Structure formats: structure tokens, C-alpha cells
Amino acid sequence: MKIAVVGATGLVGGVMLQVLEERGFGNEEVLVAASPKSVGKKIMFAGRELTVQAVEDVIAQKPRFAIFSAGASTSKQYALPFTAAGTTVIDNSSAWRMVSVVPLVVPEINIGAAIQAIKQSRNHATIIANPNCSTIQMVLALSGLQKRYGIRRIVVSTYQSVTGTGMKAIRQLEAEERGETPEAMAYPCPVHRNLFPHGGDFCDDLYTTEEHKLVDETRKIFDDKTIQVSATVARVPVVGGHSESVNVELKEEFELDEVRKIIAETEGCVLYDNPEKLEYPTPLLSHHRDEVFVGRLRRDPSQPRTLNMWVVADNLRKGAATNAIEIMQKLLAIS
Ligand code: A2P
């Protein structure tokens, strides 16, 4: 089987190759694509050297899947030519997420939407969108509660790792840590010994594009437009993963013990909540792990049917590469 990784030289692309290898795809024919400036470069995969190719050349080889993490404009340009060639695209950018016919998938929650889209496509090849990293970890942590009680409203504040912004942001943080002036600024201000309430671009309503993603994508994945979401995104000088403080109002009364059990039993989630031992999820705990960690579970005494929790995941793994590859694995398992 041929599998393409578009954006293979990038931060997420590199983790995609790592996850593919870890999950037993080392013997498959993996095609790697990046921008024209990287064509011909060598990348190590499963103990062998792969040569970076132009995207057009990879399309011509008709891979079964193409997993994209090369930015929204690359996805807009190349996703349809891939599907026309019979390749199913799993796209990690924001390009296709809110297009109504494109499924937005966290496989533990709604792989059915992807299966249906493939069945309905002319040549069994379609585009499947991978949600935003902050959305993935939040909806996975909440998925069991949505099923059991229904969710009325979510108030979320994120503490996002610089890895979500790519290599340039890591270089900025590392240069600042060394006391040097960064060669290029990924952010409008220093990130070392600092944080700022800003991710993506500001919109007319004074929210940012990253905040809007948390609202819109949550409703689409849960297929429930009635869920109210209020989001604040902050960037923190952290590399291991994104953290989120989530306040969730449920539709029905709950027992905290049952909530704990539901989260502990959610596929892909780990309940890590032992305040008596000072154990709670942190970005370092989640780094290089595929699971979403949930802790600090407690009732919100300020209003009925409401809970607080702390949700942490490695944004490059479950927030991006792992989720995309799990979509592919689930599709392979049913075909
Ligand atoms: P390249 O390394 O050749 O620029 P990151 O998000 O870490 O910045 O990575 C972005 C990825 O997307 C890189 O692999 C980058 O390749 C790739 N990319 C950027 N522009 C294009 C393009 N026009 N066509 C294909 N890949 C692209």
C-alpha cells in the first residue's frame, strides 16, 4: 500500500512519519512530499532513506491515502487532485474543516462520518478533515459526558504549547531562553517568561480564529449546533502539549463518581486525577504520548449541573499526527 505524507519536512509531518513507523507501517511504500525547495532532500523512515518529491509527482503515483500537514493553501490546491486520482486525503489544516460535505473526525467519536463520506464519493476517495489540536483533546475528554448527559455549555481557556505554531516558534523560544535575539519572530512578543492571550488572527467580533475553531468544530464533531462554547486561547512557553481549563454545563444532573468512570472508560483518555498525591496532568506528562489526560475533576459550586476539569494532550500527537493516522487505521480496518 502507498501512503503519502504531504508536508513531511515539517514539525507535524515528522511526527506523522514517527507514528506511522510505530504503528507498523514501516514496510509500506511511504511517499514524502514538501515544497519545491525541499524536493530531493532525504528523510529517514523506518531505517531507510526516503527522497522528498514534488506533490504533483506523488499524486501521479495514486497512493491509497495522503495525509496532509502543509498549511491550508497547500491543502486547498492539492486535496481535490488527489481525490480525483482515487486517493483519500486526511487533512490536518483548517482548509476543509467547515465545508459541510467534509467530515471532521475524531475517530473515537465519529469515524462513521468518514465511512459515510467515502461510501458516498464517486470513486471511494474523499477528503476527511482532522480537527484543530485544541478541539480534539477537549471533545475527546467530553465525548462520554455528551453521550450520557448532553452538554449545554462549555467555557474553555487554553494554555497552548509553542509547538502548535511550528519550528519558527520553537526557535524563537529557544533563542530567548539563551538570551539571544531570535532570527525570526513567530509571535508579536517574547514567549520566554511570558504568555499572551492570542492564537491565530483577530476577527471583527474581537475573538481570534483559534477561538472560533473551538466553537465551530466542537458543534460539528458532536453534530449538535445547540452547544454553547465560549473560548479564550493563550500561548504559553511550553513545548510538551496543550493544557485546557474546561468548565462544562451538562443538561442532566450527574454524580462525580460516574463522571470519573465515564472519562476513565473513554477510548483514548486517561483519568489522571489524584489530588491527594498531587497528581494531575501536565504538558511534560503528555509529551510524546497519544492519550488525552484528564484531571482536576470537580463540581462547579457556582451553578447547577456544572463541572470543572483540566485536559492535557501532546498537540503534535493526538492533536495532529496520531488523530490523522488513527482515522486511516480505522478506515483500513473496515475495508
Ligand atoms: P518545506 O519544508 O519544503 O517548506 P511547518 O508547519 O512545520 O512549518 O511545516 C510545513 C510543511 O508544509 C513543510 O513540510 C513544508 O515544506 C510544507 N509545505 C509548505 N508549502 C508547501 C507547498 N506549497 N507544497 C508542498 N508542501 C509545502
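Whatever order the structure lists ligands and atoms in, that order sets their numbers, starting from 1. Since we're looking at a predicted model, the values are computed, not measured.
- Side chain to side chain, Asp300 and Asn247 meet the donor-acceptor criterion of an N or O pair below 3.5 Å.
- For atom 8 (O) of ligand 1, no protein heavy-atom neighbour is present inside the 4.0 Å cut-off.
- The protein atom (non-hydrogen) at minimum distance from atom 18 (N) of ligand 1 is Ala70 CB, 3.9 Å.
- Any N or O atom pair closer than 3.5 Å counts here, and Tyr78 shares no such pair with ligand 1.
- Side-chain N or O atoms of Glu176 include one that pairs as donor or acceptor with a backbone N or O of Val191 at under 3.5 Å.
- For the residue pair Ser75/Ser93, the side-chain donor-acceptor check at 3.5 Å is satisfied.
- Under a 4.0 Å criterion applied to the non-hydrogen atoms of Thr9, ligand 1 contributes the atoms 1 (P), 2 (O), 3 (O), 13 (C), 14 (O), 15 (C), 16 (O).
- Ranking the protein heavy atoms by distance from atom 27 (C) of ligand 1 puts Ser35 N, 3.5 Å first.
- Not a single donor-acceptor pair under 3.5 Å links the side chain of Glu28 to the backbone N or O of Ile3.
- Ranking protein heavy atoms by distance to atom 23 (N) of ligand 1, first place goes to Thr74 OG1, 3.6 Å.
- Look at Ser69 and you'll find a heavy atom under 4.0 Å from some atom of ligand 1.
- Chaining together hydrophobic side chains whose heavy atoms lie under 4.5 Å apart places Val102 alongside Val6, Leu31, Val55, Val58, Ile59, Phe68, Tyr78, Leu80, Phe82, Val89, Trp96, Val99, Val101, Ile127.
- Between the side chains of Thr266 and Glu108, no donor N or O sits under 3.5 Å from an acceptor N or O.
- Taking distance alone, with nitrogen or oxygen atoms compared against 3.5 Å, Leu11 approaches ligand 1 more closely than that limit.
- The N/O atoms of Gly7, backbone and side chain alike, include one that comes under 3.5 Å of an N/O atom in ligand 1.
- Side-chain contact check for Lys41 and Thr51: no donor-acceptor pair (N or O, by modelled atom type) lies under 3.5 Å.
- When each atom of ligand 1 is checked for a heavy atom of Val55 under 4.0 Å away, the hits are 25 (C).
- Heavy atoms of Lys37 found under 4.0 angstrom from ligand 1 belong exclusively to the side chain.
- With 3.5 Å as the limit, one finds no donor-acceptor pair spanning the side chains of Tyr272 and Glu291.
- In terms of polar-atom proximity, Gly10 is counted as a contact of ligand 1, with an N or O under 3.5 Å from an N or O of the ligand.
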